[in-house]
Amino acid sequence: MTWFYLVIAGIFEVVWATTMKFSHGFSHLGYSLATLIGMGLSFGFLALATKHLPLSIAYPVWTGIGAVGSIIIGVTLFHDQLSPATWIFVGLLVISILGIKLTS
């Protein structure tokens with residue numbers, strides 16, 4: 001269940017980062033509230049995960065999920081353009097996250 005909490009925390013990190021972008025500098029109330037709720041849920045699930053996982057494992061996985069998820073959202077929703085070299089490093093990030101999980 002601990003890893004499930006960590007994945008949910010990472011997903012909510014993507015949620016709050018995305019809604020923060022949509023809030024346009026916290027000038028749209030609905031998206032601003034969604035950002036705060038997403039932050040609360042993300043930190044809450046991270047706190048649950050760190051009850052049983054070392055911080056040295058939980059935090060990098062959480063930020064990695066958030067980073068990869070935000071990249072995917074940026075490309076699909078906001079039409080961000082990434083170079084092929086950047087995609088290689090995104091792939092390495094995914095491999096790193098999986099490697100941390102498999103070796104912990």
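As the structure is a prediction and not an experimental result, all values here were calculated from the model. Position 1 is the first residue of the sequence, and the numbers go up from there.
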Exercise for review: Spell out, as yes or no, whether a donor-acceptor pair under 3.5 Å connects the side chain of S70 to the backbone of G66.
Suggested key: yes
Check your understanding: Under 6.0 Å from the CZ atom of F78, do we count more than 12 heavy atoms belonging to anything else shown?
Key -> yes
Check your understanding: If you measure from CG on L36 to CH2 on W16, what distance do you get to the nearest 0.5 Å?
Key -> 10.5 Å
Check your understanding: Is F89 linked to L93 within one hydrophobic cluster, defined over Ile, Leu, Val, Met, Phe, Trp and Tyr using a side-chain heavy-atom separation of less than 4.5 Å?
Key -> no
Kindly list each side-chain donor-acceptor pair under 3.5 angstrom involving residues 2-10, sequence neighbours excluded, with atom names and distances?
none

**Study point:** V90 with I97, same ILVMFWY side-chain cluster at under 4.5 Å
**Key:** no
Point to revise | F26: side-chain contact (heavy atoms from CB on, under 4.5 Å) partners, not counting sequence neighbours | key: M20, S23, S32, T35
Exercise for review: Measure the spacing between OG1 of T103 and CG of L98 and express it to the nearest 0.5 Å.
Suggested key: 10.5 Å
Review point. Per the side chain to side chain contact (heavy atoms under 4.5 Å, CB included) rule, which among I57, V61, L55 passes with Y59?
Key: L55
Exercise for review: Assess whether side-chain contact (heavy atoms from CB on, under 4.5 Å) is satisfied between W62 and E13, documenting all intermediate values.
Suggested key: CA-CA 8 Å; W62 176 67; E13 185 178 10; 3.6 Å; yes
Check your understanding: How long is the span from the CG atom in L82 to the CD1 atom in I72, to the nearest 0.5 Å?
Key -> 10.5 Å
Output side-chain donor-acceptor pairs under 3.5 Å for residues 43-52, partner residues at least two apart or in another chain, one line each.
{"from": "T50", "atom 1": "OG1", "to": "L46", "atom 2": "O", "distance (Å)": "3.2"}
{"from": "T50", "atom 1": "OG1", "to": "A47", "atom 2": "O", "distance (Å)": "3.0"}

Check your understanding: What about I73 and F12, same hydrophobic cluster or not, with Ile/Leu/Val/Met/Phe/Trp/Tyr joined at side-chain heavy-atom distances under 4.5 Å?
Key -> no
Exercise for review: Examine I11 and I100 and state if one hydrophobic cluster contains both, with Ile, Leu, Val, Met, Phe, Trp and Tyr joined whenever side-chain heavy atoms are less than 4.5 Å apart.
Suggested key: yes
Practice item. Flag yes if V14 and I71 sit in one hydrophobic cluster, no otherwise; membership is Ile, Leu, Val, Met, Phe, Trp, Tyr, and two members link when side-chain heavy atoms are under 4.5 Å apart. Key: no
Check your understanding: Can you tell me how far the CG atom of L29 sits from the CG atom of L33, to the nearest 0.5 Å?
Key -> 4.5 Å
Check your understanding: Any side-chain heavy atom of F22 sitting closer than 4.5 Å to one from L77?
Key -> yes
